[in-house]
Number of protein chains: 4
Amino acid sequence: MSTYRRLKEEAFEANMGIPRLSLAIFTFGNVSAFDPASGMMAIKPSGVAYELLKTEDMVVLDLEGRIAEGKMRPSSDTPTHLHLYREFPGIGGIIHTHSTYATAWAQSGRAIPVYGTTHADHLAGDIPCAPLMTRTEVEGDYELETGRQISRHFAKEGLDPAHCPMTLVAGHGPFAWGKDAAGALYHGAVIEQIAQMAWLTEGLGRHERLPRYYVEKHFMRKHGPDAYYGQS
Amino acid sequence: MSTYRRLKEEAFEANMGIPRLSLAIFTFGNVSAFDPASGMMAIKPSGVAYELLKTEDMVVLDLEGRIAEGKMRPSSDTPTHLHLYREFPGIGGIIHTHSTYATAWAQSGRAIPVYGTTHADHLAGDIPCAPLMTRTEVEGDYELETGRQISRHFAKEGLDPAHCPMTLVAGHGPFAWGKDAAGALYHGAVIEQIAQMAWLTEGLGRHERLPRYYVEKHFMRKHGPDAYYGQS
Amino acid sequence: MSTYRRLKEEAFEANMGIPRLSLAIFTFGNVSAFDPASGMMAIKPSGVAYELLKTEDMVVLDLEGRIAEGKMRPSSDTPTHLHLYREFPGIGGIIHTHSTYATAWAQSGRAIPVYGTTHADHLAGDIPCAPLMTRTEVEGDYELETGRQISRHFAKEGLDPAHCPMTLVAGHGPFAWGKDAAGALYHGAVIEQIAQMAWLTEGLGRHERLPRYYVEKHFMRKHGPDAYYGQS
Amino acid sequence: MSTYRRLKEEAFEANMGIPRLSLAIFTFGNVSAFDPASGMMAIKPSGVAYELLKTEDMVVLDLEGRIAEGKMRPSSDTPTHLHLYREFPGIGGIIHTHSTYATAWAQSGRAIPVYGTTHADHLAGDIPCAPLMTRTEVEGDYELETGRQISRHFAKEGLDPAHCPMTLVAGHGPFAWGKDAAGALYHGAVIEQIAQMAWLTEGLGRHERLPRYYVEKHFMRKHGPDAYYGQS
């Protein structure tokens with residue numbers, strides 16, 4: 001029996017949420033689960049259709065990318081995931097999709113302005129958009145550079161990945177994360193919802209960011225030390 | 001057996017309509033049911049996923065917010081619901097969602113103009129949008145102030161909640177109500193439909209409000225003393 | 001057993017297509033079936049939810065509006081249907097919905113320009129939009145006047161209802177018809193599809209009507225004397 | 001038993017993907033499968049609803065259009081399919097739909113600019129749009145001319161159908177192909193997804209083509225000699 005059975009199940013369940021929540025068609029997306037205790041990550045194999053995916057297909061790797069379990073090639077985005085786990089301590093799951101509205105914002109290269117409380121319930125500022133990479137980066141170790149572009153942009157903007165669990169990558173699409181793979185899936189669905197609402201808001205011809213005091217109130221009632229949303 | 005079984009069932013059924021009618025993802029929404037005879041309200045617990053929700057999870061409170069039944073924390077929007085039941089006599093159910101198009105209008109801070117008969121079948125004027133609150137209100141008892149902002153806006157605009165069963169709250173989203181929880185759910189779906197149609201109408205570059213005599217005809221054929229729509 | 005069983009079944013089946021094809025929410029829509037031999041029409045009762053609807057609920061009337069069978073009140077749009085059967089000989093089914101995109105065009109008061117072959121496969125010109133009615137018409141026998149507005153507009157524009165099986169009514173929504181109730185339902189879905197495509201086409205900033213020779217080719221290959229589409 | 005059973009099954013399965021992937025309503029679409037060994041093509045019969053379609057309804061023809069098997073009339077678009085198989089060697093399946101966003105681009109007569117990696121994962125340039133045909137072409141052998149218009153446009157633009165597996169036809173809609181019918185269906189769904197994302201991107205007011213070095217990287221990682229996406 002697999003040493004990493006639980007981690008693979010967690011990754012499998014979250015990957016199956018991608019088609020269930022309509023976050024991608026065919027194989028355009030992947031979720032990984034990371035276990036800080038063992039330092040191991042389980043991720044979807046590359047290019048396998050969700051309807052054929054099984055728990056045992058998940059590929060388990062260490063943070064250097066050495067495969068510990070799994071017969072298939074891991075997602076081509078694996079180096080992006082590994083980099084983010086190395087750089088963003090405390091996260092236990094990552095999702096990447098090509099969900100429709102979030103990808104449209106990424107394609108326009110724009111951060112998503114915080115227009116309402118649905119957004120502010122999840123992060124206390126715009127959803128960042130890491131800019132396009134240089135030719136050298138793209139022609140080099142592309143998927144690793146994608147992860148570096150995200151962590152560089154977070155550093156430059158002073159963003160804390162624990163409080164800003166989602167980002168766009170210009171020309172590409174959304175990445176999101178959470179305390180586990182289910183949390184990453186949740187944020188992968190939330191960024192699409194926020195992206196659609198913001199798109200529609202701009203279409204109404206009047207749009208200003210939510211005042212700062214609103215943003216802080218909403219973020220803190222869910223995430224602050226005195227949070228009073230939910231059951232715990 | 002629960003003293004408030006029927007009220008909890010009514011609240012539960014209406015809450016389950018939120019995912020069924022695609023009015024919100026995850027836990028973004030809630031419905032309450034109010035019984036004027038006992039003065040008690042049943043509402044969804046905070047942050048519980050719809051697929052896990054059970055009738056017995058509903059929390060029962062009096063209009064002062066004292067919990068009479070239920071082991072879970074009630075929806076964080078409970079003070080908004082309680083305020084509206086106190087201020088708007090005759091309503092027996094309230095819904096709050098973050099449905100996509102209605103939220104976009106709320107985020108733009110715009111009332112929804114009455115562009116057609118689908119709208120006029122339900123209310124005889126624009127769907128109001130209560131403006132943004134002050135910093136003091138937001139940093140104070142926020143959810144109570146949200147209810148106050150709605151009732152203040154209705155008073156200022158001379159709106160009768162019996163004839164205008166839905167509103168937007170700027171920067172936030174839609175609230176709607178009805179004679180019971182099922183009626184609130186109905187209006188929660190109707191505001192989203194009207195919001196989408198109005199959004200699309202503005203996209204066509206030509207949009208004027210429906211003439212007043214149309215609005216009155218349509219509203220009265222469904223709601224006037226000589227209403228002839230439906231079976232009663 | 002009902003004298004009009006077959007007619008009621010035909011009307012019932014087509015009405016159930018409204019929710020199945022997502023042409024309306026709740027009770028916003030109705031289909032009727034007309035039998036030229038007996039001169040009788042079966043139509044949905046007013047304000048009954050589709051999930052509760054049964055074949056025996058259909059109301060049967062003659063073209064003067066006298067009820068021959070049925071215990072419920074017929075759709076409030078019944079006078080519109082009756083008028084169109086009287087004025088447009090050869091049609092055997094009528095649908096009225098508030099489908100989203102078609103209603104947006106109606107709310108803008110615009111005819112839908114023929115932008116492509118999907119449209120031209122069904123009618124050889126723009127989808128007409130009957131203009132708003134006068135105060136006198138709206139305050140009079142409103143539903144009858146809605147039918148009159150359609151037939152007047154067709155007469156004024158020289159349109160043949162046999163070749164133009166769908167229309168918008170300004171400020172209201174779409175009406176469509178066919179050789180039977182199933183054919184009406186088909187056109188009720190087609191107008192929504194065409195309306196959405198035309199809306200999206202205008203959003204791309206470049207839109208001209210399909211050249212006349214294209215429109216005629218497409219219409220004739222499906223509807224002309226030498227039609228070669230389909231199996232008959 | 002049918003000589004072409006496998007080919008008919010392949011065509012049938014891919015045709016059933018059209019409604020499953022929401023690429024067309026009613027009968028607006030068709031897929032064919034081509035077997036280079038026998039030189040035979042199986043295609044959907046004309047105007048048959050997907051819910052009634054059976055494997056044995058598929059019509060088998062040679063590349064000159066002579067029917068070898070099947071009792072029904074083949075799709076009216078058959079001459080377009082036959083022309084493309086004759087002109088584009090190496091393809092084994094073709095799809096034509098009226099999917100909503102792709103059709104909107106076709107109706108506007110615009111090629112779809114390569115705005116992001118979802119697009120570049122599938123082709124290394126804009127999705128072409130064959131221009132409107134002349135009156136003579138449309139009034140002549142229309143469906144054959146549609147095929148010619150596509151192959152002429154590819155020749156003029158120097159496009160290789162092996163690397164550019166999809167196109168728009170102005171005023172009409174999308175056509176796509178692949179190494180077999182399932183591959184054609186895949187590209188028929190991908191063009192709709194790309195079309196929607198590009199439409200939404202333009203709505204955000206800032207849109208530039210993805211830099212050339214990105215496009216080449218993404219296309220080559222999936223399709224180049226050193227492709228590393230997927231399991232083979």
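Excluded from the calculations below are hydrogen atoms, water molecules and symmetry mates; all remaining heavy atoms, backbone and side chain alike, are included. Letters A, B, ... mirror the listed sequences (proteins, then strands); counts begin at 1. Note that this is a predicted model, so its numbers are computed, not measured.
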Exercise. Keeping the roles fixed (side chain from D:Gln231, backbone from A:Ser46), state whether a donor-acceptor pair exists under 3.5 Å.
Key: yes
Quiz item: Is the D:His218 ring parallel, tilted or perpendicular to the A:His172 ring (thresholds 30°, 60°)?
Solution: perpendicular
Exercise. Give the minimum heavy-atom separation between D:Thr118 and A:His98, together with the two atoms involved.
Key: OG1-ND1, 2.7 Å
Practice problem: With the side chain counted from C-beta on, respond yes when D:Tyr186 and A:Ile25 share a heavy-atom pair under 4.5 Å apart, and no when they do not. | Solution: no
Exercise. Report the distance from atom CZ of A:Phe28 to atom CG of D:Asp121, rounding to the nearest 0.5 Å.
Key: 7.0 Å
Practice problem: For D:Tyr229 and A:Thr27, test the side chains for any donor-to-acceptor distance below 3.5 angstrom and give the result as yes or no. | Solution: yes
Practice problem: Mind running side chain to side chain contact (heavy atoms under 4.5 Å, CB included) on D:Thr201 and A:Trp199 for me, showing each step along the way? | Solution: CA-CA 10 Å; D:Thr201 301; A:Trp199 196 97; over 6 Å; no
Quiz item: What part of D:Ala120 gets closer than 4.5 Å to chain A, counting heavy atoms only: side chain, backbone, both or neither?
Solution: neither
Quiz item: To the nearest 0.5 Å, what is the distance between OG1 (D:Thr117) and CD (A:Gln107)?
Solution: 7.0 Å
Quiz item: Does a donor on one side chain sit under 3.5 Å from an acceptor on the other, for A:Glu139 and D:Tyr214?
Solution: no
Exercise. Begin from the C-alpha positions of A:Glu143 and D:Tyr228 and carry the test side-chain hydrogen bond (donor to acceptor under 3.5 Å, both in side chains) through to its verdict.
Key: CA-CA 12 Å; A:Glu143 289 81 7; D:Tyr228 56 91; 2.7 Å; yes
Quiz item: Any idea which heavy atoms bring A:Tyr101 and D:Leu200 closest together, and the distance?
Solution: CE2-CD2, 3.6 Å
Quiz item: Does the side chain of A:Ser108 pick up a donor-acceptor pair with the side chain of D:His207 at under 3.5 Å?
Solution: no
Self-check item: Test item: A:Arg110 side-chain N/O and D:Leu204 main-chain N/O as donor-acceptor pair under 3.5 Å
Solution: yes
Quiz item: Is the count of non-hydrogen atoms from other residues, nucleotides or ligands lying under 6.0 Å from D:Arg212 atom CZ greater than 12?
Solution: yes
Practice problem: Kindly indicate whether the side chain of A:Ser76, heavy atoms from C-beta on, has any atom under 4.5 Å from the side chain of D:Arg221. | Solution: yes
Quiz item: Is chain D contacted by the side chain of A:Thr136, its backbone, both, or neither, given a heavy-atom distance below 4.5 Å?
Solution: neither
Quiz item: To the nearest 0.5 Å, how far apart are CG in A:Leu132 and CD in D:Glu208?
Solution: 8.5 Å
Exercise. Count the heavy-atom pairs under 4.5 Å between each of A:Gly47, A:Ala104, A:Pro45 and chain D, then report the option with the highest count.
Key: A:Ala104
